[in-house]
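To start, the structure under review is shown below, and the notes come after it.
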Amino acid sequence: GAEVVINGSSSPAVVDRSNESIKHNIQPASSKWRHNQTLSLRIRKQILKFSDAEKDISVLKGTLKPGDIIHYIFDRDSTMNVSQNLYELLPRTSPLKNKHFGTCAIVGNSGVLLNSGCGQEIDAHSFVIRCNLAPVQEYARDVGLKTDLVTMNPSVIQRAFEDLVNATWREKLLQRLHSLNGSILWIPAFMARGGKERVEWVNELILKHHVNVRTAYPSLRLLHAVRGYWLTNKVHIKRPTTGLLMYTLATRFCKQIYLYGFWPFPLDQNQNPVKYHYYDSLKYGYTSQASPHTMPLEFKALKSLHEQGALKLTVGQCD
Ligand code: CTP
């Protein structure tokens, strides 16, 4: 089939940060956006050539046993052993087996969500994906509450839960996990060695307190595949962000995909300051040279897909 043009230009990923929010104005206006189903289906098919997210969303119990050795995807020389706890928490079947949804929301964590009033619209989608255990209760008006899948990079345990140094922080994490109430908790445990202990702590907490979540641990193939797909489409990402991983995965299950909270720029479309996260004081420096991510480049790709009707980006207020 015809190639999907995602990159929009052939220039390399050199990003001039001074004026980005102007360059990134979202066109067409939200009211004129129309879903392009033909294109969405074509993208799903292309991504399926790299990975079937129904399978690769998690390693399954049948494929590993305690004691097995896994090489970290980004630290090939480091290995981990599959612990008894991890093994216990591996799903027997894919948590998204035979699932299909009319519309899905993927909620990124940009401060652009603040004062958006998007909560109700987000909660109206059939399937809502969130990232990195971002808090919802206090921000419900802008981000909604419904959560069907939430990701958790091991680094979140350090960043948002003080590495569980004392009982108070352990309790905080436990409360957050209990509030997930049966949704899918997606933990990239095989990416980087830095998360080893943190993943084990969380696994232990879930088992010890019988937390009602459906754990999923993405396969190495999913990560490789996502990178492969975008590289094939000339989007030269170093390491896909959680948000891009979720979009790629969602194409498998969702007819229409709506993105909120994707805005990796310090100013909004009206030149007002935007926080990096809607819920904490993390700064933008985090996305710069030191970070393995290339968020503005990803954003450009997503924006191009928005303009073609393959997904809908909301970067302002909801009606
Ligand atoms: N995001 C964005 N603009 C921001 C912040 C986040 O577009 N200002 C999107 C990114 O796709 C990101 C997702 O929202 O992956 C979740 O945000 P966050 O939890 O901050 O992800 P990071 O930890 O920064 O990056 P990752 O989890 O992808 O390593």
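Computed over heavy atoms, backbone and side chain alike; hydrogens, waters and symmetry mates excluded. Indexing begins at 1, ligand by ligand and atom by atom, following the structure's order.
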Q: State the CD1-CD distance between Ile157 and Glu162, to the nearest 0.5 angstrom.
A: 11.5 Å
Q: Pick one of side chain, backbone, both or neither for how Ser110 approaches ligand 1, counting any non-hydrogen atom pair under 4.0 Å.
A: both
Q) Purely on distance, is any nitrogen or oxygen of Gly243 under 3.5 Å from one on ligand 1? A) yes
Q: Would you confirm whether the ring centroid of Tyr278 sits within less than 6.0 angstrom of the ring centroid of Trp263?
A: no
Q: Show which atoms of ligand 1 fall inside a sub-4.0 Å distance from at least one heavy-atom site of Cys131.
A: 16 (C)
Q: Report, in ascending order of atom number, the atoms of ligand 1 lying under 4.0 Å from any heavy atom of Gly108.
A: 14 (O)
Q.
Using heavy-atom distances only, which candidate in Thr242, Val156, Asn109, Thr151 approaches atom 26 (P) of ligand 1 most closely?
A. Thr242
Q.
Can you check which of Tyr276, Tyr260, Phe262 brings a heavy atom nearest to atom 5 (C) of ligand 1?
A. Tyr276
Q: Take every heavy atom of Arg159, measure it against each atom of ligand 1, and state whether any distance is under 4.0 Å.
A: yes
Q.
How long is the straight-line distance from CG of Asp319 back to CD of Gln120, given to the nearest 0.5 Å?
A. 12.0 Å
Q. Which of the numbered atoms in ligand 1 are below 4.0 angstrom from a heavy atom of Asn153?
A. 26 (P), 27 (O), 29 (O)
Q. Taking only heavy atoms of His277, which atoms of ligand 1 are found under 4.0 Å from at least one of them?
A. 18 (P), 19 (O), 20 (O)
Q: Starting at CD1 of Ile43, measure out to CD of Gln308 and round the result to the nearest 0.5 Å.
A: 7.0 Å
**Q.** Pairing residues for Gln84 by the side-chain hydrogen bond (donor to acceptor under 3.5 Å, both in side chains) criterion, not counting sequence neighbours
**A.** Glu88
Q) Going by atom types alone, do Thr248 and Trp230 pair a side-chain donor with an acceptor below 3.5 Å? A) yes
Q: Return yes or no for this condition: an N or O of Trp263 is under 3.5 Å from an N or O of ligand 1.
A: yes
